[in-house]
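Lettering of chains follows the sequences in order, A, B, ..., and the numbering in each one begins at 1. Computed from a predicted model, the values in this text were never measured in an experiment.
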2 protein chains.
Amino acid sequence: MAVGIRDVAREANVSPATVSRVLGGKPVNPAMRERVLQAVERTGYRPNLAARRLRSQRSNTIGLIVADIRNPFFTAVSRTIEDIAAQRGMRVILCNTDEDAAKEAAYLDLMAQERVSGVILAPARRKGAGRRPPPRPDFPVVLIDRTIPGATFDCVILENAAMAGELVDHLAQAGHRRIVGLFGADSGTGRERREGFEEASARHALDATSHLIPHGETEGAQMLRDLLCTAERPDAIMASNGVMLLGVLRALRALHIDVPGDIALAGFDNNDWMEFVGQGLTVIEQPVEDIGATAMTMLLDRIDNPDAAARRVVLRGQLVARGSTVPPAGTPAPGTGAPA
Amino acid sequence: MAVGIRDVAREANVSPATVSRVLGGKPVNPAMRERVLQAVERTGYRPNLAARRLRSQRSNTIGLIVADIRNPFFTAVSRTIEDIAAQRGMRVILCNTDEDAAKEAAYLDLMAQERVSGVILAPARRKGAGRRPPPRPDFPVVLIDRTIPGATFDCVILENAAMAGELVDHLAQAGHRRIVGLFGADSGTGRERREGFEEASARHALDATSHLIPHGETEGAQMLRDLLCTAERPDAIMASNGVMLLGVLRALRALHIDVPGDIALAGFDNNDWMEFVGQGLTVIEQPVEDIGATAMTMLLDRIDNPDAAARRVVLRGQLVARGSTVPPAGTPAPGTGAPA
DNA sequence: TTGTAAGCGTTATCAT
DNA sequence: ATGATAACGCTTACAA
């Protein structure tokens, strides 16, 4: 039933080695090559990749470990990665940690057993900031979206602080002064964006407060409820990512607060639906294709050159200005107004 | 450098076979088992999965081939599948065809080379309806979301016609009479939903027209433009899936037609943002977890029992009624009104 | 229960 | 350029 390379060899009257060479693109007499190819065709031979890997010690497989496969940011990046891998004749093993560090560790171990050529990892949130980094794996790793403190991996991330700053600039320009920033407490990304937010808020002398919100949406919602029921309701809310933006939207809806009528909403990640809620949400769009392609390139580079110094690629996002930053009632038109 | 099973065996003063048995959960003297486990720990041994597969002829790997990884429906299903696979100690190879039948064929071939235990396949759209089915693969396949005409695979799909009918019932109940239905021309799913739409429209004696729209969004947008610029603008539009819904939204925005003010919009797939556009979109929510879990269960069943008859599981969705079906101007309140 | 040894299907080495 | 052969690291008869 199962046809092997020896069967093909017999069919073509050549040695198994020659068949292997033909399939591997090694130099072979054209006539023989043709004969082999036909024999492959006739026999319906399919190389056994497990055997090939065992013998060649190359898996041509990469692991893709993402923190949340349902987050459009990660799926967009995954698409690019899978695409490039396929072009290169590489397989992608999909791993979804659901933000669970234990699962992440298990997957990294699994990847070792798979003898993957490398791994692209979007790390799960680290609960305690003082978590020790994972033991140095014996395969190349490229981090995306978030870094792991204390570990020196290649990584490709967004210029988080600067982009958060741009968003604040934009909000300030639109006349917003009381701004609340919501950032993930358990990721470096969240903390960096917060820093940028703080810095820019100070620069504009805004009445801004930022909050690190822990994982669960419930806590975030509760915090938001408290914030919005204060005497002076903020003009605008800025959220650290697309998922959080959705959570804020849900909380606002529950409080019957209209966007952008009662409050402006802005944040990170440009999901395809964001132009349709309210007057459209203003966001920093991440260069998802670039991120995927860069990560893949870095990984392939690293596979070829395991001992080079770790590189850190920082990409810029793009501000997509939309209607949700309409100025609060009674504000001078943008461009003519106050901002420093 | 690379520590193998023989190294562990030596370290534990047992034979390689015993190590293998310990790791495979086979009966072994508890004392020895402990010794082996410690030796594994000390040596940092990681089984080579390629070798294991080659020898055992079992890959413990499934292929997941989806038509569009960016479609939230597929990512939701993927999440469940990956999760169950991980629980069972199986790997998932991710393949994204981007609706390209050629890529799909290439991936199926690749899966054969991987000697996967089975494949879960969300088929790409078949351009010409008369496309011949793929050659019978030598591994189990479970289809999700769409079937392949002429091929007898296990499959788990939505009760498309009935659900489309329910949606029409709902629209009719809300007082809509001029309804336009937009359905994908190149998938059985689209055609089934259309049938249900037609049947229900006739039953309610609605002024309904349905259109099969080909792949590209541009064509769809053009068609929509024509439809909406007729003398009598429809009350409601119904679209075949979440992606299409987004396309319609985009087209309507370009024409400055408000949802749900000027026109109601409803469709399939309940994406997390849909409650926030307009007054919320009314949709048929697919049981994505069920679909994933069922597909996985069927696949595992089929792996155990390759020669059983093909099964077809048809799941019901759930109508999520939201504000976009507010009645058109001057309509009796729902429940008291006209519907047959 | 444990050890010995063969072999899974391929590629790499070494002759020719 | 091609062929014979060993070896990749593991599991599984089979023997003890």
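If you take CD on E99(A) and CZ on R126(A), they are separated by 10.0 Å, rounding to the nearest 0.5 Å.
Taking a 6.0 Å sphere around CD of Q57(B), one finds it holds more than 12 heavy atoms contributed by other residues, nucleotides or ligands. Residue-environment remark: CZ (R6(A)) stays at or below the threshold of 12 foreign heavy atoms within 6.0 Å. Counting heavy atoms of neighbouring residues, nucleotides and ligands inside a 6.0 Å radius, atom CZ of R88(A) does not exceed 12 of them.
In this structure, the helix from dT1(C)-dA16(D) to dT16(C)-dA1(D) shows an angle of 30° between the axis at its start and the axis at its end, each fitted on 5 base pairs and rounded to 10°.
Side-chain contact check for T147(B) versus R312(B): some heavy-atom pair is nearer than 4.5 Å.
Residue contacts shown for R33(B) are absent, as no nucleic acid heavy atom lies under 4.0 Å away. R21(A) comes within 4.0 angstrom of a base, heavy atoms only.
At a threshold of 4.0 Å, the pair E114(B)-R53(A) counts as salt-bridged, since one of the basic side-chain nitrogens sits closer than that to a carboxylate oxygen.
Taking atom CE on M32(A) and atom C1' on dT2(D), their separation rounds to 7 Å, with Å as the unit. The CG atom of N13(B) sits 13 Å away from the C1' atom of dG3(C) (whole-angstrom rounding). What separates CZ of R35(A) from P of dA1(D) is a distance of 16 Å, to the nearest Å.
Closest contact between the side chain of V28(B) and the listed nucleotides dG3(D), dT2(D), dT2(C) involves dT2(C).
When the side-chain nitrogen and oxygen atoms of R58(B) are compared with OP1 and OP2 of dT12(D), one or more of them lie within a distance under 4.0 Å. Contact annotation: T18(B) reaches the phosphate of dG3(C) (side-chain N/O to OP1 or OP2, under 4.0 Å). A sub-4.0 Å separation between OP1 or OP2 of dT2(C) and a side-chain N or O of S15(B) is absent. Distances shown here put a side-chain N or O of K26(A) below 4.0 Å from the OP1 or OP2 atom of dA12(C).
Each of V77(B), I69(B), V92(B) was compared with L64(B) under the side chain to side chain contact (heavy atoms under 4.5 Å, CB included) criterion, and only V92(B) meets it.
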Distance-only criterion, 3.5 Å: show the donor-acceptor pairs between side-chain atoms of residues 286-298 of chain B and protein atoms not counting sequence neighbours.
residue	atom	partner	partner atom	Å
Q286(B)	NE2	D269(B)	OD1	2.8
T294(B)	OG1	D290(B)	O	2.6
T297(B)	OG1	A293(B)	O	2.8

Working note: D154(B) + L143(B), criterion side chain to side chain contact (heavy atoms under 4.5 Å, CB included); need CA distance, chi angles, decisive distance, verdict.
CA-CA 6 Å; D154(B) 290 316; L143(B) 264 28; over 6 Å; no
Using a cutoff of under 3.5 Å, can you pull out all pairs of nitrogen or oxygen atoms linking the protein to nucleotides 6-10 of chain D, with atom names and distances?
residue	atom	partner	partner atom	Å
dA7(D)	N3	R55(A)	NH1	2.8
dC8(D)	O3'	Q57(A)	NE2	3.3
dC8(D)	O2	R55(A)	N	3.4
dG9(D)	OP1	Q57(A)	NE2	3.3
dC10(D)	OP1	Y45(B)	OH	2.6
dC10(D)	OP1	N48(B)	N	3.1
dC10(D)	OP2	I5(B)	N	2.6
dC10(D)	O5'	Y45(B)	OH	3.4

